[in-house]
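Below is one structure, written out as structure tokens; comments come after it.
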Amino acid sequence: MSELDREVRPKHFIQQIIEQDLQDQKHTSIRTRFPPEPNGYLHIGHAKSICLNFGLAATYHGECHLRFDDTNPEKEDQSFVSSIQEDVQWLGFQWDGSVRYASNYFEQLHQYAVDLIEKGLAYVCFLNAEETRAYRGSLTETGRSSPYRDTAVADNLALFEQMRQGQFSEGHCVLRAKIDMASPFMCMRDPVLYRIRFAEHHQTKDTWCIYPMYDFTHCISDAIEQITHSLCSLEFQDNRRLYDWILQNISVPATPHQYEFSRLNLEYTLMSKRKLSELVDNQWVDGWDDPRMPTIAGLRRRGYTPAAVRDFCQRIGVTKQENCVQMNVLEACIRDDLNVNSPRAMAVLDPVKVVIENFTGEPESLSAPCHPDTPAMGQRSLPFAKTLWIDRADFKEEANKKYKRLVLGKEVRLRNAYVIQATRVDKDAEGHITCIYAQYDPATLGCAPTDGRKVKGVIHWVSAEHAQPAEFRVYDRLFKVSQPDANTLAESLNPDSLIVKQGYAEPSLVNAAVGKAYQFEREGYFCLDKQGNSDQLIFNRTVALRESWTD
RNA sequence: AGGGAUAUCGCCAAGCGGUAAGGCAGCGGGUUUUGAUCUCGCCAUUCCCAGGUUCGAAUCCUGGUAUCCCUGCCA
């Protein structure tokens, strides 16, 4: 882990609980787990949970398991179990022991269900889904007992075995816990423990036709793995009563405890797998790893580093408060990382030609530092010649004195090169500038003009004959509104979330590796996209530089 | 009288009875061959509201208010 991970923050409530437990000798060491369901790609909200669980294990010298909560075969897939493992490792974490699956415990889970039946605490219920809902009552009315609630233990045992043997059709019956139909916690009104699904499971194939529900599976899996602190999000607060009830009524080797924290919300994006897949399915984005997506894969392709994502998770904290974090926090994290770690280069995204009329003879090879503050990062060579590209926004025929770039008749510094003065321009029929003519001062390489002239502006450039044509993908927020409404996603999409520009990159960039970050000076941080090739470089803008001027 | 949670700066977030940390954003000054970085300074007499206890309350008590979650054979 890098420097960024070491920043000290006050201890959050879960760390306080753990330290108390350790001090009270409730545990001699801790064990956490990250329990994704393999039904989608991981996003930055998961990163918060991953950093929390693995981070806790690391700071208290405990362990953290990776366990797939794979109890719903119809929605899950092996491809997701693979991508999830990649993403966790990319973030810089390694689970203890082998990858676990709740499905590893199906046999034990089944036995615990039998135990519950034998204790008279579970029964096979033949009410259908609608009837079950009606019998459950409402938030303000108690529920009614299922007519199957008092079936004899021996009958329930036989019926449950028939369920397992595939003798009932899907939906014909379920196994339910016998708890309390009048409980103010809806999840305690005889919750379903097992349902029938003739679906092939990505791990257990066709071994089972009954699958355990989350509430039954999760607590028992935690107990089997001897998890000490089982962390989940706020919406499971009520479910904690069921978590505890199940563990109290069976004989398991440990009693884990569940603690809830608030999930991450980020402005101008979404954090729900369902809504994210809607974006993908409707092709509103390029796929799960579209650089505009808040998925780990999207952030990675965008140019975010694991250290920056970890830093972000550190900065946002862990509490039980509902929250919506501003994008600028995430951006500050990646800028902090890339500012010190990325080499500098020059690229012109919106090119206009400049001809240095008094530059004669062969092109020169200039040398420029890869990082202004870190000489150890070395130098790169920069060809300088008579014809250059600069950015259109860096030239004006006239401007007020706040404008610190090239103005007709005035001087500007070409970054890492000479001072030039604009003398005249060519325009096309519509009046657009097609070429800027300039004079350069050969005595200004690496030093200020000797006569004391002050040149306040500095602009970037590339040599036209040496530069590499390149495509630049400039990204912005995915949605126009800070908290998009799930029902009107299409209307709130930002039409300018991707702007493609064709320009030129300095020649050293032909050797850029996919994903490696560069700072294109005065433009922002960019990395090469996987879609390009040596003929067509494609760069994704990770984030712009902070810009703090007003014209 | 359903239940479970949460309310501290624009956004995160410390604070745990001794007189409001920090980060991001913002605003001013300095340095600068990136309008970046770096650097210096400013940025809650007040903690959802109202009472109460106390020498002393964001922290304790009482009563309100607001917001989120819970009636899948999803997780």
Side-chain angles (χ1 to χ4, degrees), chain A residues 7-12 16 35-37 39 69 71-72 74-75 125 127-129 132-134 136-143 170-176 182-189 191-197 211 213-215 217-218 232-241 260 262 264 267 273-274 314-333 335-336 339-340 344 346 368 372-373 402-405 412-417 419 444 446-448 455-460 482 519-524 544-551:
Chain A
E7 244 171 271
V8 275
R9 282 193 109 263
K11 294 185 185 355
H12 56 66
Q16 293 180 23
E37 184 188 9
N39 67 345
D69 221 331
T71 57
N72 191 1
E74 291 170 321
K75 291 188 174 168
C125 179
L127 253 25
N128 65 31
T132 304
R133 191 182 325 119
R136 189 153 34 225
S138 74
L139 296 179
T140 51
E141 301 163 287
T142 63
E170 280 189 13
H172 190 64
C173 57
V174 294
L175 182 72
R176 289 228 253 168
S183 174
F185 296 100
M186 297 302 287
C187 66
M188 296 297 267
R189 319 246 266 223
V192 172
L193 265 22
Y194 269 88
R195 77 286 213 188
I196 298 168
R197 284 288 118 81
Y211 290 96
M213 301 290 289
Y214 164 84
D215 286 303
T217 309
H218 204 91
C232 63
S233 45
L234 253 28
E235 64 268 31
F236 292 100
Q237 288 177 120
D238 287 358
N239 301 246
R240 187 174 68 245
R241 277 71 184 184
E260 310 87 14
S262 53
L264 167 69
E267 282 190 344
K273 279 188 212 170
R274 234 193 96 261
Q314 189 71 206
R315 291 193 201 192
I316 59 177
V318 178
T319 68
K320 297 174 83 136
Q321 257 144 273
E322 295 291 343
N323 60 77
C324 188
V325 176
Q326 296 177 331
M327 225 14 138
N328 61 36
V329 179
L330 218 207
E331 293 179 343
C333 292
R335 287 195 186 107
D336 279 1
N339 176 50
V340 340
R344 312 286 119 128
M346 291 195 287
D373 309 322
K402 284 186 130 181
Y403 184 78
K404 295 171 54 176
R405 315 179 206 179
V412 80
R413 158 77 61 182
L414 291 179
R415 177 73 169 157
N416 297 309
V419 169
T444 54
C447 61
V455 179
K456 59 183 174 185
V458 179
I459 64 173
H460 58 285
S482 64
Q519 185 199 102
F520 292 166
E521 288 187 293
R522 302 211 314 130
E523 290 287 0
L545 255 30
R546 193 163 162 267
E547 297 175 334
S548 61
W549 75 92
T550 44
D551 276 329

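Chain A is the first sequence line, chain B the second, and so forth, proteins listed ahead of strands; every chain is numbered from 1.
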Can you check whether A:Gln326 reaches A:Asn328 side chain to side chain, under 4.5 Å on heavy atoms? yes
B:rC48 -> Watson-Crick or G-U wobble partner, both distances under 3.5 Å, gives B:rG64
Would you kindly give the CG-to-C1' distance between A:Asp373 and B:rU33, to the nearest whole Å? 13 Å
Please name the nucleotide paired to B:rC9 by Watson-Crick or G-U wobble geometry with both distances under 3.5 Å, or report none. none
Need one value for A:Gln16: base, sugar-phosphate or nothing, where a base atom within 4.0 Å counts as base even if backbone is also close, heavy atoms only. base
Donor-acceptor pair present, A:Arg405 side chain and B:rG35 base, under 3.5 Å: yes
So what's B:rG72 paired with, Watson-Crick or G-U wobble, going by both distances under 3.5 Å? none
Quick one: list whatever passes side chain to side chain donor-acceptor pair (under 3.5 Å) with A:Asn39, sequence neighbours left out. A:Glu37, A:Lys273
Does any non-hydrogen side-chain atom of A:Arg176 lie less than 4.5 Å from one of A:Cys125? yes
Does A:Arg189 place a side-chain N or O at less than 4.0 Å from the phosphate oxygens OP1/OP2 of B:rU71? no
Is any side-chain N or O of A:Gln321 closer than 4.0 Å to OP1 or OP2 of B:rA7? yes
Does any N or O donor sit under 3.5 Å from an N or O acceptor when you compare the side chain of A:Arg413 with the base of B:rU33? yes
For B:rG17, decide between syn and anti, treating a glycosidic angle within 90° of 0 as syn. anti
Can you sort out the partners of A:His172 under ring pair (Phe, Tyr, Trp, His ring centres under 6.0 Å), two or more places apart, ordered by chain and number? A:Phe126, A:Phe168
Ranking A:Asn339 and A:Ala448 by the position along RNA chain B of their nearest nucleotide, the one closer to 5' is A:Ala448
Report which part of the nucleic acid A:Glu331 touches: base, sugar-phosphate, or nothing (heavy-atom distance under 4.0 Å, all strands). nothing
Look at all strands and tell whether A:Lys404 reaches a base, only sugar-phosphate, or nothing, counting heavy atoms closer than 4.0 Å. base
Do A:Arg522 and A:Ile459 touch side chain to side chain, with heavy atoms closer than 4.5 Å? yes
Just checking A:Leu545: base, sugar-phosphate only, or nothing, at a heavy-atom cut-off of under 4.0 Å? base
Could you state the NZ-P distance from A:Lys11 to B:rC16, rounded to the nearest angstrom? 15 Å
Classify the side chain of A:Glu141 versus the base of B:rG2 as yes if they form a donor-acceptor pair under 3.5 Å and no if they do not. no
Can you measure A:Ile316 atom CD1 to B:rA14 atom C1' for me and round it to whole angstrom units? 16 Å
Please report, rounded to the nearest Å, how far the C1' atom of B:rC24 is from the CG atom of A:Leu330. 11 Å
Now, which nucleotide makes the Watson-Crick or G-U wobble pair with B:rC38, with each of the two distances under 3.5 Å? B:rG30
With heavy atoms under 4.0 Å as the rule, sort A:Gly524 into base, sugar-phosphate or nothing. nothing
Report which part of the nucleic acid A:Arg522 touches: base, sugar-phosphate, or nothing (heavy-atom distance under 4.0 Å, all strands). base
Counterpart base for B:rA58, defined by Watson-Crick or G-U wobble contacts under 3.5 Å: none
Which one, B:rG3, B:rG26, B:rG23, comes nearest to the side chain of A:Asp238? B:rG3
From CZ of A:Arg546 across to C1' of B:rC27 the rounded distance in Å is 11 Å
Any base atoms under 4.0 Å from A:Ser183, or only sugar-phosphate, or nothing? Heavy atoms, all strands. nothing
Across all strands, who's sitting opposite B:rC43 as a Watson-Crick or G-U wobble pair, both distances under 3.5 Å? none
So, OP1 or OP2 of B:rU34: does either fall under 4.0 Å of a side-chain N or O from A:Arg344? no
With sequence neighbours left out, what residues match A:His218 under ring pair (Phe, Tyr, Trp, His ring centres under 6.0 Å)? A:Tyr214
Scan A:Cys447 against the nucleic acid and name what it touches under 4.0 Å (heavy atoms): base, sugar-phosphate only, or nothing. base
Separation of B:rG4 atom C1' from A:Met188 atom CE, nearest Å, is 13 Å
So, OP1 or OP2 of B:rG35: does either fall under 4.0 Å of a side-chain N or O from A:Ser548? no
Expressed in angstrom and rounded to an integer, what is the separation of A:Arg240 atom CZ from B:rA5 atom C1'? 9 Å
Contact check, side chains of A:Arg195 and A:Tyr211, non-hydrogen atoms, under 4.5 Å: yes
Side-chain atoms of A:Arg415 come closest, of B:rG2, B:rU33, B:rG4, to B:rU33
Between B:rC24, B:rC70, B:rA14, which nucleotide gets closest to the side-chain atoms of A:Leu139? B:rC70
Can you measure A:Asn323 atom CG to B:rU67 atom P for me and round it to whole angstrom units? 18 Å
Out of B:rA5, B:rU34, B:rU71, minimum distance to the side chain of A:Gln519 belongs to B:rU34
Please enumerate all residues that pass salt bridge (charged side-chain N to carboxylate O under 4.0 Å, His left out) together with A:Arg415, with sequence neighbours excluded. A:Glu521
Indicate yes or no: at least one non-hydrogen side-chain atom of A:Asn72 is less than 4.5 angstrom from one of A:Met213. no
Under the salt bridge (charged side-chain N to carboxylate O under 4.0 Å, His left out) test, residues paired with A:Arg240 that sit two or more places apart: A:Glu260
Spell out, as yes or no, whether a donor-acceptor pair under 3.5 Å connects the side chain of A:Ser262 to the backbone of A:Gln321. yes
Using heavy atoms to find the nearest nucleotide of RNA chain B for A:Cys324 and A:Leu414 separately, return the residue whose nucleotide is more 5′. A:Cys324
Please measure how far the P atom in B:rU59 lies from the corresponding atom in B:rC68, and state the result in whole Å. 25 Å
Between the protein and nucleotides 72-75 of chain B, list the N/O to N/O atom pairs that are separated by less than 3.5 angstrom.
| residue | atom | partner | partner atom | Å |
| --- | --- | --- | --- | --- |
| B:rG72 | OP2 | A:Arg133 | NE | 3.4 |
| B:rG72 | OP2 | A:Arg136 | NH2 | 3.1 |
| B:rC73 | OP1 | A:Arg136 | NH2 | 3.4 |
| B:rC73 | OP2 | A:Arg136 | NH1 | 3.3 |
| B:rC73 | O2' | A:Arg197 | NH2 | 3.4 |
| B:rC73 | O2 | A:Arg197 | NH2 | 3.3 |
| B:rC73 | N4 | A:Leu127 | O | 2.8 |
| B:rC73 | N4 | A:Ala129 | N | 3.3 |
| B:rC73 | N4 | A:Gly171 | O | 3.1 |
| B:rC74 | OP2 | A:Arg195 | NE | 3.0 |
| B:rC74 | OP2 | A:Arg195 | NH2 | 3.0 |
| B:rC74 | OP2 | A:Arg197 | NH1 | 3.3 |
| B:rC74 | O3' | A:Arg195 | NH2 | 3.2 |
| B:rC74 | O2' | A:Asn72 | ND2 | 2.8 |
| B:rA75 | OP1 | A:Thr71 | OG1 | 2.5 |
| B:rA75 | OP1 | A:Arg195 | NH2 | 3.1 |
| B:rA75 | OP2 | A:Tyr214 | N | 3.0 |

B:rC27 to B:rU53 separation - C1' atoms, rounded to the nearest Å: 42 Å
Roughly how many Å apart are B:rG22 and B:rG15, using the C1' atom of each and rounding to a whole number? 12 Å
